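Report on the following structure.
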There are 2 protein chains.
Amino acid sequence: MSQQVPALPDLPEATVARLPEYLRALHHLAESGNDTVSSEALAGAAGVNSAKLRKDLSHLGSYGTRGVGYDVALLIDQIEYVLGLTQRRAVALVGVGNLGHALAGYAGFGSRGFRIAALFDADPGRVGEHINGLVVRHIDELPEIAEAESIAIGVIATPATAAQSVADRLVAAGVTSILNFAPCVLSVPDGVDVRKVDLAIELQILSFHEHRKASLIALPAAGGLTALPGGLAATGTEEAVGS
Amino acid sequence: MSQQVPALPDLPEATVARLPEYLRALHHLAESGNDTVSSEALAGAAGVNSAKLRKDLSHLGSYGTRGVGYDVALLIDQIEYVLGLTQRRAVALVGVGNLGHALAGYAGFGSRGFRIAALFDADPGRVGEHINGLVVRHIDELPEIAEAESIAIGVIATPATAAQSVADRLVAAGVTSILNFAPCVLSVPDGVDVRKVDLAIELQILSFHEHRKASLIALPAAGGLTALPGGLAATGTEEAVGS
DNA sequence: GCGTGTGAACTTCTTCACAGCC
DNA sequence: GGCTGTGAAGAAGTTCACACGC
């Protein structure tokens, strides 16, 4: 038998990743007093092109009005619904070092659909500390608190060496989504989602582009491919940037 | 100018984004005393599948040895070269609030190819503060210091309201790559690269998947779609409806 | 034998361009 | 006239599967 209508349209991942950006832009528009917005304008505010935006929204089945645009308030409701932001989700933050402290104090979580429900650390010296109105608890208390607070999302802000073990404990405590700030790969069971944020990786990607820009500027003549380590030289197929 | 920089292979963006992950895994392997590694093993350590890894590395023109694998040390050199990590790049960090403090203290920058060369803030109350051996300077001093330190990469950790103006000033000071932690879209001239990290967006993407998982488990009978905000119910692609 | 390197098939994402509706 | 919604074309990325060199 064919399945009943799914409660959620199953959106392309690329679309899901952009919806939060649209949402932010829409809130901004709403605060500025706009009732409707065209795909062109919203796309501009979200930093994408308008065809992409329209296609993304069409996946929600969202109804704009031809000749007019989208109803801002309605679109906000729809996107918040799809993203599951109609409830304020409880988040556990593990690791209150440098970065963890900053995250615990980050107002953006609170204003955008989340509530940091508990802070954990393994270091007894940190347990008991108050941050932003919350007490840091020992990681051993995770199971009971996760249960009590219905925590389904965990944020890992520990050193890389501890991250896998923390992930295991989060999963054991019923967490099914993890945001990982530790620079390492986590392995988790099927059904658990992991997203990763690695600051050094972001910089390294930028570094590549810096390197690339520098090499394009410095090199119009395709002669001198000598100085590089093994084998790279053969690959350059640039038709150069004219100048 | 006279530095003879060879043309870089122009890698697919998706490949560029994974190279740092491979690099981290390789360093880890090297520390554990491995001289060579197979695509299977390295892929596992980096959390990707081996075909993808081999294709990525093939874009570098990198030579593994058939029947053996890749030389760990050589591969590290090649990736670091391509990413432009053979020099330690100077980075300017603007905004030393909550998050900025944490970033300024983050050891991962130092150990992975970067040097925080200067800290800036617009708040006179913060100027002069010492963080991790650096003095916070007023943002007005950016041009001279960027010049003196050859800063080409800027990190924005200010509130969203200040981010665009900071970006403009960074660009004016010669910065050509920006890592933006502020939740807003930046507009910059062509030739300047921007990458964005938005913590709330990451959580919202996870929230979508939570919502989706929940809806699949408690899969409602087709009637139960009445409660959602305007119009979503009607959108399920018609053919899938088995009613 | 083993494991890399790679064409070819396939999937996903983006962009185009225009029909359809206000 | 203006703007959305969408098929169709195109580009980018992933996976397959196997030839080739060690």
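All of these numbers come straight from a predicted model, not from anything done at the bench. Chain letters run A, B, ... following the sequence lines, proteins first, then strands; residues in each count from 1.
Other residues, nucleotides and ligands contribute at most 12 non-hydrogen atoms within 6.0 Å of the CD atom of B:E40.
Here the shortest heavy-atom pairing between B:D71 and B:A73 reads OD1-N, 3.1 Å.
Here the side chains of A:L85 and A:L23 are in contact, with some heavy-atom distance below 4.5 Å.
Both A:P12 and A:A51 lie near DNA chain C, and the one whose nearest nucleotide falls closer to the 5' end is A:P12. Nearest-nucleotide assignment on DNA chain C puts the 5′-proximal partner with B:G64, out of A:V68 and B:G64. The nearest heavy atom of DNA chain D to A:G67 and to A:K55 marks one nucleotide each, and the one closer to the 5' end goes with A:G67.
No option in A:I178, A:I153, A:L186, A:V188 other than A:I178 meets the side chain to side chain contact (heavy atoms under 4.5 Å, CB included) test with A:L170.
We find that CG of A:L11 is positioned 13 Å from P of C:dT14, with the value rounded to whole Å. To the nearest angstrom, C1' of C:dG3 lies 13 Å from CG of B:L57. When the P atom of D:dT6 is taken as reference, atom CG of A:L60 falls 12 Å away, rounded to whole Å. Summarising the geometry, the separation between CD on B:E13 and P on D:dT14 is reported as 12 Å, rounded to the nearest angstrom. We find that CG of B:L53 is positioned 12 Å from C1' of C:dG3, with the value rounded to whole Å. Atoms CG (A:L42) and P (D:dC3) sit 14 Å apart, rounded to a whole Å. Per the geometry, OH belonging to A:Y63 stands 13 Å off C1' belonging to D:dT4, to the nearest Å. The CZ-C1' distance, from B:R54 to C:dG3, rounds to 7 Å in whole Å.
Between the side chain of B:R66 and the base of D:dC20, at least one donor-acceptor pair of N or O atoms lies under 3.5 Å. Judged by distance alone, with hydrogens and angles left aside, A:K52 brings no side-chain donor or acceptor close enough to the base of C:dT15 to form a pair under 3.5 Å.
Proximity of B:Y70 to the phosphate of C:dG5: a side-chain N or O atom is located under 4.0 Å from OP1 or OP2. For the OP1/OP2 pair of C:dT14 and a distance below 4.0 Å, the side-chain nitrogens and oxygens of A:R18 include at least one atom meeting the criterion. At the phosphate of C:dT14, neither OP1 nor OP2 sits under 4.0 Å from any side-chain N or O atom of A:N49. OP1 or OP2 of C:dT4 lies within a sub-4.0 Å distance of a side-chain N or O belonging to B:S39.
For A:S38, the side-chain atoms get nearest to D:dT4 when compared with the rest of D:dG13, C:dG5, D:dT4.
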Task: Residues A:L99, B:Y106; criterion side-chain contact (heavy atoms from CB on, under 4.5 Å); working and verdict - done: CA-CA 8 Å; A:L99 180 61; B:Y106 180 49; over 6 Å; no
